[in-house]
Amino acid sequence: MSVQLVWYKRDLRAHDHAPLRAAVRAGPTLALYVYEPSIVQAPDFDAQHLSFINSSLAELEERLARRGIPLIYRQGEMLDVLDRLRAELPLAALWAHEETGNALSYARDRRVRAWAKRVGVHMHEIAGSGVVRRLNTRDAWAKRFESLMRAPVAVPPRQTATPPLLERGNRLDASALGVRSHATRQHRVVGGERAAQETLQSFLEERGVDYRRAMSSPLTGATACSRLSAHLAWGTISVRQAFQAAVRRRELLQSAPGADPRWQASVTSFIARLAWRDHFIQKLEDEPAIEYQNFARAYDGLRPEAPDPDRLSAWLEGRTGYPFVDASMRYLRAEGWINFRMRAMLVSFASYHLWLDWRATSVALAPHFLDYEPGIHYSQFQMQSGTTGINTIRIYNPYKQGMEQDPRGEFTRCWVPELAALSTDVLHAPHEAPSLLLQMAGVELGRDYPLPVVNHATAYREAKERMHAVRVQSASAMEAQRVMRKHGSRSSRRRA
């Protein structure tokens with residue numbers, strides 16, 4: 001009896017899982033999850049990722065068992081695991097979703113495909129989102145995305161044939177796998193399809209009413225944002241499931257008399273951001289090298305390759321002397337998430353004020369994001385660092401951001417408690433406060449809280465001059481045209 005093997009990676013669900021459905025239709029099926037040392041011990045992986053994965057696997061195992069499909073666990077590099085399984089099983093085919101991951105997973109997938117071809121095992125990789133493999137042109141990408149999102153959701157199958165019994169194996173924790181913990185998480189986020197659906201429902205029916213306006217501030221974004229990003233990143237819900245639920249909600253709102261008009265705008269914005277998500281991941285799919293080289297090569301050598309260690313550690317530890325920046329970083333390290341505008345500000349500050357290369361800061365910050373998605377992560381780090389050649393250079397003013405997004409200082413005081421006694425008018429720039437005011441608040445700069453690591457006005461001016469010097473070069477214009485042809489959005493409603 002030949003066996004179909006479903007390989008789970010970043011798609012930890014039973015619903016809308018086309019490889020699972022196809023495998024069960026083809027014959028007796030086993031599901032497999034592999035703890036790969038090269039992946040889980042990589043610099044961009046963290047114990048919080050593993051915790052989310054394991055809670056998702058626990059639920060997935062139960063869901064699959066109810067459908068007669070065993071989920072087995074193995075530890076080791078993928079080719080070694082497959083060789084051992086092939087010695088135990090009459091393995092006919094390997095089924096998986098296409099994955100747009102980092103360089104490690106990309107190289108791993110290529111080795112697995114070569115292995116399957118060499119040993120005569122049929123390998124089937126199926127798209128799991130709107131990202132298109134071997135895309136020839138970005139023309140009509142948006143229409144294709146819309147079509148894929150409106151296709152029927154794959155219903156989880158029930159298996160009737162019984163696959164050979166194997167040792168199930170166990171889920172493994174961080175200590176067993178040697179996984180590091182970079183973050184300072186204050187609570188555990190539970191994964192799984194149930195949590196994903198509950199999160200989606202609460203957003204579309206309760207929390208998301210003011211999404212369009214409230215997403216920008218860390219005060220309101222934590223509640224008003226969908227908070228689906230980790231579930232989408234680890235595949236406990238598909239983009240299509242979220243898209244179709246949002247479309248249904250919008251249609252219901254259109255026919256509901258007296259519905260709050262904010263809902264329409266918010267749900268429409270959410271649908272657009274689902275497309276935005278895959279649009280950015282498509283960039284890494286089309287050009288995997290953007291994980292480690294500039295989109296536009298005209299920016300090569302712009303920043304020092306080796307980052308200033310003092311500046312890097314001050315940024316990463318939330319002690320730059322810029323209270324709103326430090327509050328945002330500390331929040332991220334504790335929560336594993338922060339709203340998009342604050343992510344952009346953190347990267348902008350590192351890239352322009354501290355003049356750190358995005359290759360160093362992106363790897364340093366990756367383990368702190370529970371929703372770390374390589375395609376979005378590296379695309380956005382380059383976009384906020386000004387190295388795409390096609391995006392507007394945005395140098396965030398940390399004082400202005402603090403006053404606009406935290407006008408009463410609630411967020412900053414919570415996460416930078418050493419400044420809690422300062423009045424709001426000086427909270428975001430304590431180094432400019434009169435010494436008497438600092439003394440009355442019991443704050444000594446340089447002891448209780450650091451002085452600014454750089455001067456804002458000087459750093460801002462120098463960064464603008466450096467970026468402008470590259471942009472006016474003819475080589476930069478030519479590179480921008482190349483990047484736009486390959487990666488630029490064809491829709492005026494979506495950012496490049």
Side-chain angles (χ1 to χ4, degrees), residues 1-34 53-74 78 81-82 85-86 88-99 109 112-113 116 121-131 133 147-169 171 191-198 200-201 228 231-232 234-245 247-248:
M1 180 187 294
S2 61
V3 173
Q4 312 293 315
L5 187 64
V6 177
W7 176 21
Y8 273 94
K9 296 181 283 184
R10 281 176 167 257
D11 51 354
L12 305 177
R13 62 183 183 272
H15 288 78
D16 203 26
H17 198 289
L20 177 67
R21 181 184 176 108
V24 172
R25 287 179 169 178
T29 298
L30 283 172
L32 168 70
Y33 186 82
V34 180
I53 289 168
N54 277 338
S55 62
S56 301
L57 286 169
E59 182 182 329
L60 177 63
E61 184 178 341
E62 293 178 2
R63 287 178 180 268
L64 293 179
R66 291 199 294 268
R67 294 167 175 81
I69 305 164
L71 173 60
I72 62 174
Y73 303 99
R74 294 294 184 267
M78 194 61 194
V81 170
L82 288 172
L85 285 174
R86 187 166 172 265
E88 299 177 66
L89 292 170
L91 190 58
L94 180 63
W95 299 81
H97 272 127
E98 294 174 350
E99 180 181 345
D109 287 354
V112 170
R113 284 192 290 270
V121 170
H122 296 290
M123 184 168 184
H124 307 275
E125 290 183 284
I126 301 174
S129 67
V131 178
R133 184 153 290 181
S147 177
L148 288 167
M149 291 303 103
R150 292 187 180 277
V153 169
V155 178
R158 176 164 184 80
Q159 178 161 260
T160 54
T162 304
L165 294 177
L166 287 181
E167 175 64 36
R168 293 289 183 90
R171 292 185 296 277
E193 290 185 76
R194 187 178 302 108
Q197 289 294 335
E198 289 173 354
L200 175 62
Q201 182 178 357
L228 275 179
H231 291 285
L232 289 167
W234 299 105
T236 56
I237 191 172
S238 70
V239 179
R240 176 162 39 220
Q241 287 174 291
F243 180 95
Q244 292 187 7
V247 169
R248 288 194 298 270

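Counting begins at 1 with the first residue of the sequence. The figures that follow rest on heavy atoms only: side chains count, while hydrogens, waters and symmetry mates do not.
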Given 3.5 Å as the limit, does a donor-acceptor pair link the side chain of Ser56 with the main chain of Leu12, or not?
no
Closest approach of Thr236 and Ala196, non-hydrogen atoms and distance?
OG1-CB, 3.7 Å
Taking all non-hydrogen atoms of both residues into account, name the closest pair between Pro156 and Arg67 and its distance.
CB-NE, 3.2 Å
For Glu61, the salt bridge (charged side-chain N to carboxylate O under 4.0 Å, His left out) test, sequence neighbours excluded, returns Arg171
With a 4.5 Å limit on heavy-atom distance, are the side chains of Leu200 and His231 in contact?
no
Please answer whether the main-chain N or O of Gly235 pairs with a side-chain N or O of Arg10 as donor and acceptor at a distance below 3.5 Å.
no
Testing the basics here: between Leu57 and Tyr33, what is the closest heavy-atom pair and its distance to 0.1 Å?
CD1-CD2, 3.7 Å
Less than 4.5 Å apart, side chain to side chain, heavy atoms only: is that true for Val6 and His17?
yes
Run the salt bridge (charged side-chain N to carboxylate O under 4.0 Å, His left out) test against Arg133 and tell me which residues pass, sequence neighbours left out.
Glu125, Glu285
Could you tell me whether a side-chain N or O of Gln4 sits under 3.5 Å from a main-chain N or O of Ala92, the two making a donor and an acceptor?
no
Where is the tightest heavy-atom contact between Ala31 and Leu64, given as atom of each residue plus distance?
CB-CD1, 3.8 Å
Nearest heavy-atom approach of Ala161 to Pro28 is CB-CG, 3.7 Å
Of all heavy-atom pairs between Trp7 and Met123, which one has the smallest distance, and what is that distance?
CZ3-CE, 4.1 Å
Check whether any side-chain N or O of Gln159 sits under 3.5 Å from a backbone N or O of Gly68 as a donor-acceptor pair, and report yes or no.
yes
Does any non-hydrogen side-chain atom of Val131 lie less than 4.5 Å from one of Glu98?
no
For the CD1 atom of Ile237 and the CG atom of Leu228, what is their distance to the nearest 0.5 Å?
5.5 Å
For Arg240, salt bridge (charged side-chain N to carboxylate O under 4.0 Å, His left out) partners two or more places apart:
Asp16
Answer yes if the side chains of His15 and Gln241 hold a donor-acceptor pair under 3.5 Å, and no otherwise.
no
Which residues satisfy the salt bridge (charged side-chain N to carboxylate O under 4.0 Å, His left out) test with Arg194, sequence neighbours excluded?
Glu59
Taking Thr29 for its side chain and Gly27 for its backbone only, find out whether a donor-acceptor pair lies under 3.5 Å.
yes
Side chain to side chain contact (heavy atoms under 4.5 Å, CB included) filter on Val155, not counting sequence neighbours, yields Arg21
Below 4.5 Å, heavy atoms only, C-beta onward: do Ser238 and Arg13 meet side chain to side chain?
yes
Could you work out, with side chain to side chain donor-acceptor pair (under 3.5 Å) as the rule, every residue matching Trp234, not counting sequence neighbours?
none
Below 4.5 Å, heavy atoms only, C-beta onward: do Leu5 and Leu82 meet side chain to side chain?
yes
Taking the side chain as everything from C-beta on, heavy atoms only, tell me whether Leu85 gets closer than 4.5 Å to Val3.
no
